[in-house]
Structures are given as C-alpha cells and as structure tokens.
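Order of the sequence lines fixes the chain letters, A, B, ..., with proteins taken first and strands second; residue numbering starts at 1 for each chain.
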Protein chains: 2
Amino acid sequence: MAPKAPKFEIKTPKGTRDWSGADMVLREKIFKTITDVFKRHGGISIDTPVFELKEILAGKYGEDSKLIYDLADQGGELCSLRYDLTVPFARYLAMNKDITQIKRYHIAKVYRRDQPAVKKGRMREFYQCDFDIAGVYDPMIPDAEIIRIINEVFEGLGWHGKYTIKLNSRKILDGLFQVCGVPDHLIRPISSAVDKLDKMPWADVRKEMVEEKGLAPEVADKIGQYVLLKGQRDLLEKLQQDPALAANPSMQQGFSDLDLLFTYLEAFGALHTVSFDLSLARGLDYYTGVIYEVVTEGSAPAVPASEEAKEKVSKKKGGKPGDPDEDRSDDPTLGIGSVAAGGRYDNLVGMFSGKTQVPCVGISFGIDRIFSITQAAQKKKERKNEVDVFVMAFGGKDFNGLLKERSQVCARLWDAGIKAEFLYKVKPKLQNQFKAAEAGGVPFALILGEDELAQGKAKIKEMGLPEDHPLKEGELISLDNLIEEVQVRLARKQQLDSIALQAEGLKVVDGIKGEEVKAAAEAGQTAE
Amino acid sequence: MAPKAPKFEIKTPKGTRDWSGADMVLREKIFKTITDVFKRHGGISIDTPVFELKEILAGKYGEDSKLIYDLADQGGELCSLRYDLTVPFARYLAMNKDITQIKRYHIAKVYRRDQPAVKKGRMREFYQCDFDIAGVYDPMIPDAEIIRIINEVFEGLGWHGKYTIKLNSRKILDGLFQVCGVPDHLIRPISSAVDKLDKMPWADVRKEMVEEKGLAPEVADKIGQYVLLKGQRDLLEKLQQDPALAANPSMQQGFSDLDLLFTYLEAFGALHTVSFDLSLARGLDYYTGVIYEVVTEGSAPAVPASEEAKEKVSKKKGGKPGDPDEDRSDDPTLGIGSVAAGGRYDNLVGMFSGKTQVPCVGISFGIDRIFSITQAAQKKKERKNEVDVFVMAFGGKDFNGLLKERSQVCARLWDAGIKAEFLYKVKPKLQNQFKAAEAGGVPFALILGEDELAQGKAKIKEMGLPEDHPLKEGELISLDNLIEEVQVRLARKQQLDSIALQAEGLKVVDGIKGEEVKAAAEAGQTAE
C-alpha cells in the first residue's frame, strides 16, 4: 500500500506559505481585532472573486503591472488574480450604481509576483484588510475617521502608540513641485523618487532626480529644503507663511484640507500619532488627496539602501541581485515596510463607470507584516485549539474503556455548546489521555470511572494546578448537573485568566479603553 | 474630470460573483455556525495558498482534472488554483511529518472551470468548509464523530432534521460489484454509473452500464437488485444474511465497519438522520472506506435527467447543450446537488509522502449551496451593518451642526467598544440623520442639542417604538454616564430581541440544544 514518493519537491509555491497552529490562532486574533474596529465604525463587508477580468486591472498599477498574476488562457475570458482590494472595490461600485454611499471593509488575499522576503512578511500571496468610505460628503470628515480607525486598530493590537501615521496630501506635493519649478511631465517621476526617502538618504534621492530623471540640480535643491520637514499643525502653519507656497492654488487646497483634517482629528482624539511628513508620496497613481502610511520600528531598513550598501549585499550573495525568486529576508537594505497605507482616490470608480464619479478614501492594513511584528513581541504562545473539556475514562482489570459512556458525555457537552474531545481509542490508558489533554492545553479533564458512574457521578479536574492546590485531585460532580457544573468552572477559569492577562497587559482588546474591566465583568457571567 | 466609460463590460468573470449586503451577513452567520461546531470538536484551522504547484494536483481528480484552472506561465514555477481543500491538506501533512494526528478545519474558496448554475449555488469560485481527522486511531470512532459534526452543523443552521446523510462504504460497494460479477477493470466506471442514481432513473443507469461501459446485462440486473436499497442497521442485517455477500472479504470488512459505526452513532445520538444507501458511490477516486453525502429538498433535479429530458432542454435552448459557459440555473434536470460530502481516504497523503501513510476521514460543506437554501427559507432580511448608536445633532436658527461634539461623543463610544456612527455633514438636517439611522437599522439615536449639552445632557431614543410607547420621545441622560446609559439599553434591547427570536425559532445557534436559554441569559449581562 505504500506508493513511491513523487519525483518533485513537495512544497508551496515560492512566496506563499501554509498557516497553521499558533500562527493561525494569532492571525485570527488580529483579524478579529481589526474586524471589530471596522464594525464599530459601521463598516459592512464585501467579498469579490479572487480573479478579475484582465481588462479590469489593466492600466491601474503603472510600473507594478508586471507583478500581476495572469490565469492561463484555457478558453473563455482572460483573467488575472487581484493585485489589491481597491480596484475590485471600484469595479464593484461601478457595477452597482445604486450604491452611492458605503463604508465597506474587505479582508482577503491579494497577489503580486514580487521578490519575496518571507521572514519580513513580504509575500507573493498576502492578506490585506481594507476599510474604505465611498460617497460625496462634507470634506475631510471621512478622511479623519479613517485615521481614527488606524489608531483604534493599532491600539487594539496592543501597539500602544508605537507607530506613526505619516500623512501628506497629493495636492500639497503637486503644489510644492510646481512652486519648486518641476516640469509637469516630471512631477510623477520626481514624486516617486521622493517616496524613497524612507529607505534611501537624501543624497541618493537627489542623485536619482538629477542624473536619472534629468531634473535641474537647483530645482532638486529647492525640493530638498521642504521634503525633509516633519510636524503637525506647526508645520502646516510654517508652510502657510511661505508666500511662494501660499500663492499656489493646489497648495491652497491642500492647506485647507489639512487644516480641517487636524481640527477633526483633534475632536476624534486621534491627532497624537500623526506626523505630517512632506517626504511621503505613495507609489500608486490613483490618489488625489490626503495620503498616509503607517510605520513602526522595523519598517525602515536596518541599513539605508544606498548604492554602496546595495553593492555589498549583491556581492555577498554571489552577485545575483536581480533574481526575482530569491528570498530577501536577510537583506538588511530591505525593511518590513509600511504596515498600513491608503489615501483619497476620487477618480478611480469613474475609470470604470464613465460619468458617475464616486469619491473614496480608505486604508489597507498589511496583515502579514503586522503579524510578523506582533508575533515577535508576543510573550506567550497561543493555544492551537479551544477545547474546554477532555473526557477520559479509567478502570481496573476488567476495564472496557467506557467508550459508549465517553461518547454520550461528549454528546451532552456538545449539545450544550461546550467544546469537548476524547481519545479515539476503545481502551485508552489514563496516562495517554492526560498526555493528549496537556498537549492541547485543555483546561479541564472529566474522568469517568465505573464506580462513580454507578452512583451517577464523575470527577472533574482542572489541569495544571500546583501540587498543594486544594482541588488538585479534582471534585466529584453529579452527572445530572453535568452542564451546569462544567459551565460554572469554565466561567470561573475564564475570569481568573482574564485577570491574569490584565496583569500581563497582553490582551488583544475589544474596545480601546476600559476593555479589561469589561472583559473581567463578562467573564464572571458567561460560560464562553 | 469624467473619464470615458471603458469599452468592455464591467462584470465579474463567469461563474463568480460579488458578495455584499444581507447576503454577506447571512453567509458570515453560516460560517460562524460551522466554525463554532468545528471548534467544539477540537478542530484547529489551517490556511493554504490559493494556488499549488501544478504537479501537486496532477492525477488526483480523474476525469475532472480538465476543470482545473492553471496560472499562466510567466516564468518560474507552474501553478494551478486549488480544486478542493483535501489535496492541499494531504500535501500539508506530507510536508509536516511531525504531525501524525490532527483535527483540522479549513474554510476557503476552491476553483472549478465547470458549467455554472449561479442561482443554484453552482459556481466556478465557491467556498468549501472542510473538517478532517487525520491519524491512526481505533477504527470508526473518528468516522462517527464526523457524522455527529454533520448533524450539529445542519441543526445549528436551523434545518431541524430536514436533511439526509446518505452513507455507504467503498468496501461494501467493491464487494457488491465483485459478488455480482463485475470485472475488476469495470469496477470504477460501474461505480460512477451507480452514483448517478440520484439524478437518473435506474433504467438509464442500467443502459449506461450495458451499452456504454459494456457490462453484461445479467450482471447489471444483479446490481439493480441491491443498489436501490436504503435503510439503517436493518439493511445491514439483511445484507449480512445474504450468504453470497457474507462470503466476500471486502464485504466482510465493510460490514464490520458499519456495525461499529452504527453503534458509535447511537452513543453520539447521531443515527436518526443517516440513511445507509447502496446507490451512493461518490466520484473521486481517493476514497477507501465510508463515504457520505448530505442531501436535502432541492438536491435532486426537479426532472430526472433521463435522455428525453436532456434532449428537451437542449432543444429549448437552441441546441447548444455543450456550451461550457452557459449558465444552467434554469435547467430542471439539474438539482442543487449535495450540500456536504466526504468520506475516508487512507492513501492520499502517501501519494505525496511516499512511505508515510496518514489515514484521514473528513467532510466538506458546500457553502454556496447551503447559502441558497438557507436564504430561500429566511423570513427576515439581515441588517447590513451592526451599528448600535447613531449620533445626531439638532438646533435652531443659529445651529452650527455640533460636528465637534458629535465627533467627541462618537470617540467616547468607540473608546468603549460601542459601534457608532454619525452623518458626515457639518450641518445636517435632523430628518436626514434619522433617515440614515433607519436605513441602517440602527437601534438607538443619541441626539445632541445645544440646550441639553449646556446641562451636560443628551437625549437617547430607541428607534422604531410604537406611537403609544412611553419612551417613544426618548430619555434625557447625563453625558457623564454616557457609556453606562448606552450599555444598559443595548443589553436590554438584546435581551428582548433574543426572546423575540426564540418565539420565531429563527436563531442560528451556538449550541444545539438549550442555546436559546443561554443566549437570553447572556443578553441580560453583556453589552455586545
């Protein structure tokens, strides 16, 4: 019956991975935290196909279009795997013209044939969690709520202020380039050079502008006076006092947007993590207003990606810097990158629908990167399953295994919604049953014995109690009250665990503030 | 700013669809019900890439391999979209040799280039929810638990016994064919002919066996004496008394399996929905033991797919029966099909790992079909979002819109984990705010007015109360106690809703029995 092993290597495709065990549990928790925030803000979920008609994606990603995965032509329509969730959302809005206002979220995988760096969470198949607000509203209110949402997500994940929301506006950038004298046709290329300031020193960026893009050196120097500036309202006020900038119409629009935005962010209590950063430009073409990117420790590369550094890395690896399949996890000139990014894109829906424009603003969270960082900070490994009770049996010489009784007890627990399992063995050893319960981290053992069963009883035992604990040996309970006896113990345990978690400050939270109080209060009252 | 509409049709690829609104909410509830059951049985979740190396899928799906979607060859590895979740699971086990026992679940989309029937939930991209138990255990215990899980899922979905778990064993089928005199090389083709008995009359199946597959007519007639039989233990006992059958070794193994299985199912309280059905054969090659398929009203076609019926349908549609892109939603010879299916497959992992065999048994739920049926039975439309409080403002002539105050109040609610929204308008009309709250089905309005704010108060109003309700006009609450005042009302409302749901018997449940009691008890104690 043993077939031969196949000749090819059994693996997942490059840049993809399986998720299982504690990783999967942690990722689910991250999803839950983010979804809770989205729902708290009235978000509704949509789901689109993993592939779109090839034409839908065409012309939306500029240079990066080469990273799109195509399906083979097997007859019928030509399709590609989605590259992000934003274009499918715009396509959805264009198809559903009755929807003129929506707050939608979408959690799904996207696909990019990029060079992977698996350990840094840079994958070819990866999850995005997007929240977007579409529709015509009074200016900057939804934009501010998006930034509030970013704060709630990272606070909810327990990052407690250890992140920065870099913020800029395409209108301000465009105005700035105009004032500095960048010719119109160079605005996008120069913008994308500026965007590299998070991983390259200014000298290298300037060199790219002048030598590669052909910008006049004095124009580059003018840009350099501005793009390294960072601040909040203070920076805005400083720019507003610059007569050359203040005279530019695009700049004026940008100023008025940010002025409103800062006011609203203050009311939302969401200003403290924002850094108005003139170097932020964002690669994608479709942004039209505010743009933002969330960075944290590790986002920037350990070593700036200067020309020398790049050369060193490629030499070390045997001079094959260009191999697109090579994993770059150990390349110090590559950081984790931003953990969330987004902005306002008012014209994308119109690219599909023709006349009907639906202005949008949104944020996309990069789950794999967030996972890598959260996991590194984690003190305790997650349990793999959630089983509450392991049903066991033991007996003497004529022990028949009590399989029927274990099955029946499990069935009663399942009927009541209690998570339970037992060993798939007719006559299991008690020791092996305990081993299995311990391996799964199951908190309670319910032990059936013939003598106890004859009296309608069984023993319940909390696992992992210290030697001197009064309940170390377990308690006899009546099987008539099985469900209540189990539920009361689960509730008590949950309450104690919750208090312990508070002490450790580890909880991935429900609300942002006061959640520990609430969790503890609930733990005392519900069984699950 | 208005770009031209593109020349191609804006749509999703054939056989795929977007999910949104009430559909999405209902589907999420179905996922939640199923996931809860899986977790209750100790299942742990895994996630695999949406595409696999082409070689992994090759040779696993027999004739249906032509339905596999390939990715285009863009350099690097050749990949295909996954066809099911079983083969990726086997590949995962073969890669992770340290995992010798696991109960895993996997909820994900799979892809088949099949002729779609969208209205019947037959899609090219569709969700499967799989639960599988892998490992060497005492015989038939995990097999029985899988069937118990099937029961819990459909009871949890509120189908209350309106489904049948058709059950058979590959060992019994093989034995039967041997006893009837089917030559070895015809066993699989004849088996797949028998499998069509759920959509074709026996006469047509017999014709296929004799005329297409070349089976001797007297052998076909012998088979006909058995394969229309259905029952439970009674049928097993009847077959056991047949000396010809009882002498066949494969049959003996099958008998002993089913005997054990029925015993265990009884202990699990999971026997009542099972129908031992000798016509069930299942298409896929990899099954080695028990097989099962869950059917319900609508699973079978409205009109049996006899030759005449097929001709009629194809004539009506203009004689193009073979167009693989044509949607078959309105074809009466096509039923919804089975809503879940699975069985034991002991050799699949070995096809990847070589020597190491990991026996498996599992079940796959077809979510899109389950969705179609659940939706048709639904009395009340789901709400699209989950917002609890709509924060509004109103005022007199000099009303400034109180945007700052609305933002601040929302921020407090969000801080406490309460779902809240407000209108993105600087000076909104009260009427428009109520309209928005009603459209979203939001249960509470929190209304800010300048006079009340001056006293540190605001009005909370439950939406949709009858005219004569004492609280119709709302209540003034102190903003100092905002969170507590809101939470107590949300809890009360949830409790009342839960009681109303019980009365309607509509609840998608947590446990199977007694869940209403639990839900009501919880509603009184927690805010969410």
Side-chain angles (χ1 to χ4, degrees), chain A residues 2-3 5 8 10 12-13 16 18-20 24 39-40 42 44-50 53 55 70 72 76-77 79 92 94-95 125 137-138 141-142 267-269 325 350-352 354-355 384-387 404 407-408 411 414-417 419 421 424-426 510-513 522 525-526, chain B residues 2-3 5 8 10 12-13 16 18-20 24 39-40 42 44-49 53 55 70 72 76-77 79 92 94-95 125 137-138 141-142 267-269 325 350-352 354-355 384-387 404 407-408 411 414-417 419 421 424-426 510-514 522 525-526:
Chain A
F8 56 94
I10 302 297
T12 61
T16 70
D18 294 323
W19 288 81
S20 60
M24 188 72 182
K39 287 183 180 174
R40 197 182 300 150
I44 64 178
S45 175
I46 77 164
D47 175 34
T48 66
V50 83
L53 296 179
E55 302 153 313
D70 292 325
E77 302 160 333
C79 299
Y92 169 81
M95 273 175 69
E125 174 188 64
Y137 306 101
D138 280 351
I141 312 179
F268 278 149
D325 280 350
M351 289 174 75
F352 295 116
K355 280 181 200 163
K384 287 182 204 168
N385 72 38
E386 300 180 8
V387 170
K404 185 179 162 190
S407 303
Q408 286 170 333
W414 293 331
D415 278 344
K419 306 181 190 91
E421 60 180 349
Y424 295 149
K425 199 134 185 73
V426 174
D510 199 24
I512 297 187
K513 291 172 194 163
E522 278 180 25
Q525 295 162 345
T526 72
Chain B
F8 55 94
I10 301 296
T12 61
T16 71
D18 294 323
W19 288 82
S20 60
M24 188 72 183
K39 287 182 180 172
R40 199 182 298 150
I44 62 177
S45 177
I46 76 163
D47 175 33
T48 66
L53 296 179
E55 301 153 313
D70 291 326
E77 303 161 332
C79 299
Y92 169 81
M95 272 175 69
E125 174 188 65
Y137 306 101
D138 280 352
I141 312 180
F268 279 149
D325 280 350
M351 288 174 75
F352 296 117
K355 280 181 198 163
K384 286 181 205 169
N385 71 39
E386 299 181 8
V387 170
K404 186 178 164 192
S407 302
Q408 286 170 335
W414 292 331
D415 276 345
K419 304 180 191 95
E421 60 181 348
Y424 295 149
K425 203 141 182 66
V426 175
D510 199 26
I512 297 187
K513 291 171 195 163
E522 278 181 22
Q525 294 163 344
T526 71

Pair count under 4.5 Å, heavy atoms only, with chain A: among B:Asn385, B:Asp47, B:Asp70, highest is B:Asp47
Which portion of A:Glu125 sits near chain B, non-hydrogen atoms under 4.5 angstrom:
side chain
Using atom types as modelled and distance alone, determine if a side-chain donor or acceptor of A:Asp138 lies under 3.5 Å from a backbone N or O of B:Val426.
yes
With a 4.5 Å cut-off on heavy-atom pairs, point out which of A:Ser407, A:Ala411, A:Pro49, A:Ser20 contacts chain B the most.
A:Pro49
If you count heavy-atom pairs under 4.5 Å between each of A:Lys404, A:Met95, A:Glu421 and chain B, which one has the most?
A:Met95
Most contact-rich option vs chain A, by heavy-atom pairs under 4.5 angstrom, among B:Val387, B:Thr48, B:Ile10, is B:Ile10
Looking only at heavy atoms, the pair that brings A:Tyr92 and B:Asp18 closest together is CD1-OD2, 3.5 Å
Name the orientation class of the two ring planes belonging to B:Phe268 and A:Trp414 (parallel below 30°, tilted from 30 to 60°, perpendicular beyond 60°).
tilted
